[in-house]
Amino acid sequence: MWRTGQSGMASRIDIINGPNLNLLGQREPEIYGTETLSGIEAACRALTDRMGLQMTFSQSNHEGALVDRIQAARGAAAGIIINPAAYTHTSVAILDALSAFDGPVIEVHLSNIHRREAFRHHSYISARADAVIAGCGAQGYELALSRMARLLGKA
Ligand code: DQA
C-alpha cells in the first residue's frame with residue numbers, strides 16, 4: 001500500500017488523457033469504440049463518487065501540457081491514471097514527469113496495443129506504471145479505478 005502523504009490529497013485520483021482522445025466516438029470507432037471521452041468521464045465520476053474518492057479528468061493534445069498536468073499532481077493527487085495515447089510510444093518527458101510523482105500510476109489503453117502495429121508495442125510509460133490495462137475499451141478506465149482504489153487502501 002502507498003503512503004497517503006499530506007491530508008487532503010489522500011483520496012484524489014487524476015485521470016489524464018493524451019492526444020486525439022478528445023475525438024473518441026468519432027475516431028476509428030472499429031479500434032477505439034463508440035464511447036466518447038465525456039461518456040468515459042461520466043462513468044469514472046459515477047464510480048469515484050460511489051467509492052468516496054475525488055477525481056480530476058483532463059485531456060490535452062500537447063506533450064508539454066501533459067507534463068505540466070502530471071507535475072501539478074505532485075503533492076495534490078494520491079494516484080494517476082493515464083492514457084498517454086500516441087505519446088506512450090515516444091515520450092521520455094512524460095515518463096520522467098511520472099517518475100517524479102510519488103504514488104501509484106496506472107497506464108490505460110482502449111485498444112490492445114500489442115495486437116497492433118509494431119511501433120505501438122513499446123511503451124515508455126510502462127517503465128513507471130504499476131499496472132497496465134490494454135484492450136478493454138472504455139471499461140479499462142473503470143478497471144483502473146478499481147485497481148487504484150485497492151492500491152490506495154480504499155477498497
Ligand atoms: C491508445 C493507443 C495508442 O497507440 C494510440 O496512439 C492512441 C490511443 C489507446 O487508448 O488504445 O491514441 O493509447
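Whatever order the structure lists them in is the order used to number ligands and atoms, beginning at 1.
- With respect to atom 9 (C) of ligand 1, the closest heavy atom belonging to the protein is L110 N, 3.3 Å.
- For CZ of R120, the number of neighbouring non-hydrogen atoms (other residues, nucleotides, ligands) closer than 6.0 Å is greater than 12.
- The shortest contact between atom 6 (O) of ligand 1 and any protein heavy atom is with R120 NH1, 3.1 Å.
- From I106, atom CD1 reaches atom CD1 of I133 across 5.5 Å, with rounding to the nearest 0.5 Å.
- Contacts of N83 with ligand 1, taken as heavy-atom pairs under 4.0 Å, involve the side chain alone.
- Looking only at protein heavy atoms, the nearest one to atom 2 (C) of ligand 1 is I113 CG2, 3.8 Å.
- Counted by atom type alone, Y32 and N20 present zero donor-acceptor pairs between their side chains at under 3.5 Å.
- Nearest protein heavy-atom contact of atom 7 (C) of ligand 1 is Y32 OH, 3.5 Å.
- Looking only at heavy atoms of the protein, atom 1 (C) of ligand 1 is closest to H109 ND1, 3.7 Å.
- Around the NE2 atom of H62, the shell of radius 6.0 Å holds no more than 12 heavy atoms that belong to other residues, nucleotides or ligands.
- Protein heavy atom closest to atom 11 (O) of ligand 1, with residue, atom name and distance, is S111 OG, 2.6 Å.
- If you check which protein heavy atom lies closest to atom 12 (O) of ligand 1, you get R27 NH2, 2.9 Å.
- Under the 3.5 Å distance criterion, the side-chain polar atoms of R147 are left unmatched by any main-chain donor or acceptor of D130.
- Of the heavy atoms in I31, none comes closer than 4.0 Å to ligand 1.
- Residues passing the side chain to side chain contact (heavy atoms under 4.5 Å, CB included) test with T34, sequence neighbours excluded: P29.
- For R69, the salt bridge (charged side-chain N to carboxylate O under 4.0 Å, His left out) test picks out D14, with sequence neighbours left out.
- Residue H89 approaches ligand 1 through these ligand atoms, each under 4.0 Å from one of its heavy atoms: 3 (C), 4 (O).
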